[in-house]
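We name chains A, B, ... by the order of the sequence lines, and we start the count at 1 in each one.
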Amino acid sequence: MKMLTAHDLKTGAVVYWSGDGRWTPRIADAALLEDAAAAEALKAAEAAETVIVHPYLVPMDQPAAPIARERVRELIRARGPSTHPEFARP
Amino acid sequence: MYRYDEFDAEIVRERIEEFRAQVERRLKGEITEDQFKPLRLMNGLYLQLHAYMLRVAIPYGTLSSRQLARLARIARDFDKGYGHFTTRQNIQYNWVRLVDVVPILEALAEVEMHAIQTSGNCIRNVTADHFAAAAADEVDDPRVWSEIIRQWSTFHPEFSFLPRKFKIAVTAAETDRAAVQVHDIGLHLKKRDGKLAFTVYVGGGQGRTPFVAPAIRDDLAPEDLLSYLEAILRVYNRAGRRDNLYKSRIKILVSALGAEEFARQVEEEWRLSDRARIDLPADEEQRIRDYFAPPCFRTLKDADAGFEAARARDAAFARWVSTNVHSHRTPGYASVTISLKPVGGIPGDATAAQMEAVAALGKRYSFDEIRVSHEQNLILPHVEKADLHDLWQALKENGLATPNAGLISDIIACPGLDYCDLANARSIPIAQGISNRFADLEQQAQIGELKIKISGCINACGHHHVGHIGILGVDKHGEEFYQILLGGRGDERAKLGKITGKGLPAEAIPDAIARIVARYIALRTDESERFIDAYERLGPKPFEEALYAEIKELAA
Amino acid sequence: MSVLLTRAGVVRDDPWRFLAEDEAAADGADVVVPFARLRAEARLAERAGRLGVAIAPGDRVEEIVDKLPALSLIAVAFPGFRDGRGYSTARLLRERYRYAG
């Protein structure tokens with residue numbers, strides 16, 4: 001399973017593909033996609049360059065749970081810097 | 001202080017207008033991100049883990065109060081209220097919106113600042129000794145030469161697309177506080193037979209393949225500096241590798257050719273070059289030198305009765321003086337390190353309010369001058385001793401009076417995985433863990449000088465190779481681990497640290513450092529023998545044993 | 001024949017023909033030969049028609065200094081904008097070897 005993530009073009013904020021046509025700031029709302037659907041979503045995202053920037057796929061084992069090498073990185077990306085709990089996102 | 005001439009100002013204005021148009025075209029979808037990315041990078045704008053990051057150049061770490069106040073305003077208006085001072089004496093804003101970048105660049109241009117050449121394979125911001133023009137052991141003001149290099153290297157038509165980024169550092173003092181031997185080019189100005197001459201180090205650097213630079217010249221006349229730099233850069237631009245990102249820095253070329261052969265090629269190139277065309281005429285050097293004329297120091301006795309009385313009366317002040325106040329070449333004056341390393345804090349971060357406070361204090365007490373050190377602190381270079389107690393109190397009110405300059409909690413740390421897209425592990429929490437472990441400032445003072453430097457990946461922005469104790473974050477199957485290096489130093493006797501055994505998890509680091517420190521305390525001849533001295537006398541063995549002692553017990 | 005953009009922005013016919021490694025240089029034509037050919041073929045300058053050379057990033061311009069007077073055109077190639085070796089080539093040609101063509 002994979003999730004699709006990117007940054008909002010104008011603000012740079014981290015966003016996730018919700019699967020229903022929207023980008024959401026919450027990792028919990030990210031769609032878990034099968035490999036084929038993920039590849040398709042990525043392709044569509046790459047074509048939507050005026051909205052987002054740097055889309056890529058993250059391997060997941062369950063909702064909001066990145067796995068493998070991306071684990072720590074993606075969790076920090078989702079929550080905000082671990083050194084600034086006051087900026088933490090839900 | 002150097003001021004932009006009209007030419008500089010005009011170019012910066014043009015670049016902003018150019019970038020404004022580029023951003024607009026990007027937002028409208030007229031250019032792709034692939035096309036836009038090199039353009040934004042040319043203006044210092046990166047995309048990091050959480051947001052865009054803007055890196056602003058602070059040439060040789062020198063700021064006026066007005067400039068620092070402007071940096072504060074940008075932090076408040078366009079960021080989350082703080083900025084991060086880096087090991088390259090620059091400032092980074094971590095939460096910049098693309099649509100705000102042009103207004104930020106305009107705000108910077110009003111105070112003669114910009115973000116040009118803070119990215120890309122060009123000659124980056126020149127760094128220099130943060131005690132320039134104040135240090136007693138200095139033979140000249142390194143900023144004069146840094147500024148000459150800055151003007152020469154900005155928009156250099158031949159060297160804007162080098163094989164890789166290029167960093168030059170300059171010092172003119174006996175003690176090297178600019179780590180020149182771990183730069184692509186390190187320039188160390190010394191007195192030689194009564195005349196000034198540069199020792200030219202080439203091919204130093206950290207990263208994946210660290211090198212202490214060999215010196216290829218020790219008698220370069222200052223007036224020949226630019227033509228000699230051109231010769232080095234030309235040899236590198238033509239012969240440096242472009243096929244492999246990791247082998248494209250000049251250090252790889254120097255090591256592949258050997259320092260002697262590299263030097264021969266440079267000398268040959270230099271011999272053929274049209275020096276008169278490149279080198280600065282004496283009057284032009286003088287014109288630049290005039291910008292760095294010393295401030296109007298008052299004629300004072302070196303000892304100040306009020307200062308001595310305050311020191312005798314107030315132990316906390318005395319402790320701060322012993323670590324954060326440095327002797328000045330002018331009687332009655334001192335240089336002050338403003339620690340950006342509060343206990344448990346984030347190395348190099350300053351809030352907008354803190355920056356404003358320092359800007360005001362710099363204006364009031366230090367002839368309108370502030371410096372950024374590569375050790376991620378701020379410096380007030382020229383403070384009257386009589387003002388030190390008042391200054392200290394004002395700093396205290398702003399959380400800026402931690403008496404730890406040069407001590408174990410004066411840690412260099414890169415942004416690491418909390419911000420950086422390239423990082424493999426976090427750096428800042430490791431620094432915080434160590435800082436909290438040694439929160440007792442009395443104990444820190446007893447340990448004495450100990451430089452810990454932490455990087456969150458092999459690129460070594462946190463200078464871990466030259467930390468007395470270096471820490472490198474690595475990723476092991478999605479977990480953060482930390483490798484410890486011992487015995488590095490970035491001064492005039494630069495040396496790379498030795499990598500010890502296997503990496504430790506984050507939570508084990510503070511105790512591991514404590515064990516190394518305890519062993520040092522037990523083995524040092526007396527308090528005057530610093531950690532690095534004891535390490536060099538005893539070798540790595542006792543420290544490695546201490547480091548892994550408990551871990552062996554756990555394994556047994 | 002391709003078009004040429006001049007400094008004034010005018011588009012006009014480009015008389016120059018870039019030759020491949022093994023392509024014969026027709027008599028009377030204005031040709032640009034690869035760097036290696038300029039070095040290897042001694043008689044190129046003797047034909048009728050103008051002669052030029054294409055210099056790739058790795059080519060060392062020092063090696064053709066003796067042929068510069070015969071060249072009406074030097075094309076310094078920039079296959080990717082990140083490769084700045086051509087700037088050193090250009091600077092050496094103009095400043096050290098005084099090529100003014």
Side chain, backbone, both or neither: which part of B:Ile346 has a non-hydrogen atom closer than 4.5 Å to chain A? side chain

Would you name the heavy atoms of B:Tyr52 and A:Val53 that are closest together and state the gap between them? OH-CG1, 3.7 Å

Which atom names give the shortest non-hydrogen contact between A:Thr83 and B:Gln432, and what distance separates them? CG2-OE1, 3.6 Å

Going by heavy atoms in the side chains, are A:His84 and B:Tyr419 under 4.5 Å from each other? yes

Under 4.5 Å to a heavy atom of chain A? For B:Lys476 that would be neither

If we only count heavy atoms from C-beta on, is the B:Leu98 to A:Leu9 side-chain gap below 4.5 Å? yes

Sub-4.5 Å heavy-atom contacts with chain B: which residues of residues 67-75 of chain A show up? A:Ala68, A:Arg69, A:Arg71, A:Val72, A:Arg73

Please look at B:Leu47 and chain A and tell me whether the side chain, the backbone, both or neither of the residue comes under 4.5 angstrom of a heavy atom of that chain. side chain

Looking at every non-hydrogen atom in both residues, tell me the closest pair between B:Arg426 and A:Ile76 and how far apart they are. CD-CD1, 3.6 Å

B:Arg26 versus A:Ile52, closest heavy-atom pair with distance: NH2-O, 3.8 Å

So, the part of B:Asn424 with a heavy atom under 4.5 Å from chain A: the answer is side chain

Which atoms of B:Val101 come close to chain A, meaning under 4.5 Å heavy atom to heavy atom: side chain ones, backbone ones, both, or neither? neither

For B:Asp349, which atoms come within 4.5 Å of any heavy atom of chain A: side chain, backbone, both, or neither? side chain

Which distance, rounded to the nearest 0.5 Å, do you find between the CZ of A:Arg77 and the CG of B:Asp421? 8.0 Å

Determine the minimum heavy-atom distance between A:Thr11 and B:Ala51, stating which atoms define it. O-CB, 4.5 Å

Tell me whether the rings of B:Tyr82 and A:Phe87 are parallel (<30°), tilted (30 to 60°) or perpendicular (>60°). parallel

Roughly how far apart are B:Ile428 CD1 and A:Ser82 OG, rounded to 0.5 Å? 7.5 Å

